[in-house]
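What follows is one structure encoded as structure tokens, with my remarks underneath.
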Amino acid sequence: MLELLRAHAVRHRDLRAMVGSDHARATALCIEIGGLWLDFSKQPLTTALLDDLAIAADAQHLRGALDDLFAGAIVNPSEQRAALHPLLRASEAPPHLLAQHTAMHAARVEMAALAERLAERGVETLVNLGIGGSDLGPKLAYEALRSHRIDGRQLRFVANVDGAALEAALGGLDPARCAFVLASKSFGTQETRMNAVSAMRWLQEHGLSSAAISERMVALTSKPEAARAFGIRDDSILTFDEAIGGRYSLWSAIGFPLVFAFGPERFAALLDGAACIDRHVRSAPWQRNAPFLMAIVELLHRVGYGYPAQAVVAYDERLARLPEYLQQLVMESNGKSIGVDGRQLSVPAAPVIWGGVGTSVQHAFFQALHQGTDVVPVTFVAARLADHRFADHHPALLANLAAQSAALLRGRSFDEALAQESTRDTAAVARAQQRVFGGNRPSSTLLMERLTPHALGSLIALYEHQVFLTGRLLGINSFDQWGVELGKELCGELLPLLTDADQPLPPHLDAGTLAMLRRLRSVSG
Ligand code: F6P
């Protein structure tokens, strides 16, 4: 498969010519699933390549890999775990997963009941204390779907251990009308535990009794015993299966704040949207399989053309959090250089994912996308229909998206640039040269009909399956994250050295770190 992509990249360098006026190709490279329309026509794909890749995918047992995922087989070998996130949104389960599936449904009922209990106690604001997968998914969904909120309910999010984040979230908050959600799969994460302790202290400082405080603390976790030991009441602990990875946990109890803010029906619609993609990825032929094509496009750019980064630009202010959500999903899942077999990968893996919101970023980093020395493939994301009252803005927004995607492809030749000059002197030629756009820069577009809970669920699930398929094709375990451990361990060693300036600095630390610690100590001391 990777060899096919490399060979294809060598032969296909003129994207503009490939797209040209080939309407049949453009149609073949657009896919519709439910209300989602995915346009890969401005990618260096050919229908012949897709046919070859379909054969290669079967030869590499990619269907079997998906079957394993959906059957709850061990797809995370380094932790000996399944990855059960698709089961959370499945309407039925195979017999051997029935117990887990029933528990997941029961958990959803509990989530709805707890949300109502909190509302009955007068809670209007939930503050989610969680980081990584225990923050990014709920935050993305909340900001994207804010207009679907139940009147009078709102969420705030604190991820960072930086006290400024907690302070900002507590600003203007009425302690009697808020509750805190400790969202932590492991319940051992330093940032979340520290924020929770400080939040409890803040409630205490505002005169709340211990009983009132404990009524305001909820835990979402796979480690209920740790939540209990922390002091969370049994009826305020919502659990989820250990086999739900942090960055895939939006659909589990981690989505509780969304149930509170939007109600269980809208949360169910989010899950249904994801289930729609679950069915699609298993049943669509590879040539029309959206997550597969997304995986192929990523690999073609990374392995075939060697582009190190990929940008995601949402032409929708409500999706401002999408790039950071995808950073975790893609880069924590596939940002690895060792395969499941323990060997060094021979090809580059996850690209650097970055992005922002259009049109704003057109006036920031798009200069580099059009004329920079690196080619950065772009994924545009938008909704065809708007949900606000300024109707005339939406065509302007979408025209910008279409224009950027066309401009990236087309570019501008020297002759075209020179034609804009009134003279032909050296300065005019130099100016024209600087206005040349190479073009040939690829992009995809993911267009929703409207940004609804269902559409958002589908969008996220598309990426989840893309990541899984890409990981499989690279020979990576997409469900572990050993790379984040070392920093955590070192932090555990260094923190006491900062809080107690009398502790001798251990000589085994490198000279740079010792110099930094001396400086930090002198400043904090
Ligand atoms: O950054 C590592 C990580 O383990 C993520 O995978 C996870 O989403 C995040 O930390 C938070 O973990 P937890 O939910 O256990 O607090």
Side-chain angles (χ1 to χ4, degrees), residues 75-85 88 107 111 126-142 155 157-162 165-166 180-199 217-230 232 236-258 321-336 349-350 353 460 463-464 467-468 471 476-492:
V75 289
N76 173 0
S78 73
E79 296 179 297
Q80 278 297 294
R81 281 187 194 146
L84 290 183
H85 53 284
L88 286 161
M111 284 158 76
L126 279 192
V127 185
N128 192 74
L129 309 175
I131 197 162
S134 299
D135 166 64
L136 293 165
K139 193 158 64 189
L140 164 68
Y142 179 65
L155 304 180
F157 292 86
V158 184
N160 202 340
V161 75
D162 183 348
L166 183 63
F180 292 89
V181 177
L182 283 77
S184 177
K185 177 179 171 182
S186 61
F187 222 82
T189 303
Q190 179 208 44
E191 292 93 327
T192 304
R193 289 179 72 100
M194 201 157 187
N195 280 324
V197 169
S198 299
M217 303 303 293
V218 172
L220 317 174
T221 186
S222 290
K223 295 271 190 275
E225 61 292 347
R228 233 168 266 133
F230 193 83
I232 310 295
S236 301
I237 301 176
L238 297 170
T239 60
F240 57 100
D241 202 292
E242 195 97 56
I244 307 293
R247 53 195 172 274
Y248 300 88
S249 62
L250 167 67
W251 327 98
S252 72
I254 290 295
F256 170 70
L258 303 175
R321 299 286 185 180
L322 186 61
E324 65 178 359
Y325 177 81
L326 294 178
Q327 279 173 341
Q328 190 202 21
L329 184 63
V330 174
M331 293 167 77
E332 195 169 67
S333 297
N334 289 343
K336 292 159 189 171
I353 298 286
I460 295 172
Y463 276 103
E464 284 183 350
V467 164
F468 175 66
I476 283 174
N477 175 358
S478 303
F479 297 109
D480 60 13
Q481 58 283 321
W482 299 108
V484 299
E485 291 306 320
L486 179 58
K488 285 187 195 173
E489 284 164 28
L490 283 177
C491 180

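Everything numeric here is computed off the predicted structure, so don't read it as measured data. When a ligand or atom number is given, it counts from 1 through the structure's own listing order.
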How would you list, by chain and number, the residues with a heavy atom under 4.0 angstrom from ligand 1? Ile131, Gly132, Gly133, Ser134, Ser184, Lys185, Ser186, Thr189, Gly246, Arg247, Gln328, Glu332, Gln481, Val484, Lys488
As a quick check of understanding, evaluate salt bridge (Lys or Arg N to Asp or Glu O under 4.0 Å) for Arg228 and Glu225, giving each step before the final call. CA-CA 5 Å; Arg228 233 168 266 133; Glu225 61 292 347; 5.6 Å; no
With sequence neighbours left out, the residues meeting salt bridge (Lys or Arg N to Asp or Glu O under 4.0 Å) with Arg193 are none
Report the distance from atom CD of Gln328 to atom CG of Leu326, rounding to the nearest 0.5 Å. 10.5 Å
Calculate, to the nearest 0.5 Å, the distance between atoms CE and CD1 belonging to Met217 and Ile232 respectively. 5.0 Å
Aromatic ring pairing Tyr142/Phe157, orientation class (parallel under 30°, perpendicular over 60°, tilted between): tilted
Ignoring hydrogens and geometry, is there a side-chain-to-backbone donor-acceptor pair from Lys185 to Ile244 under 3.5 Å? yes
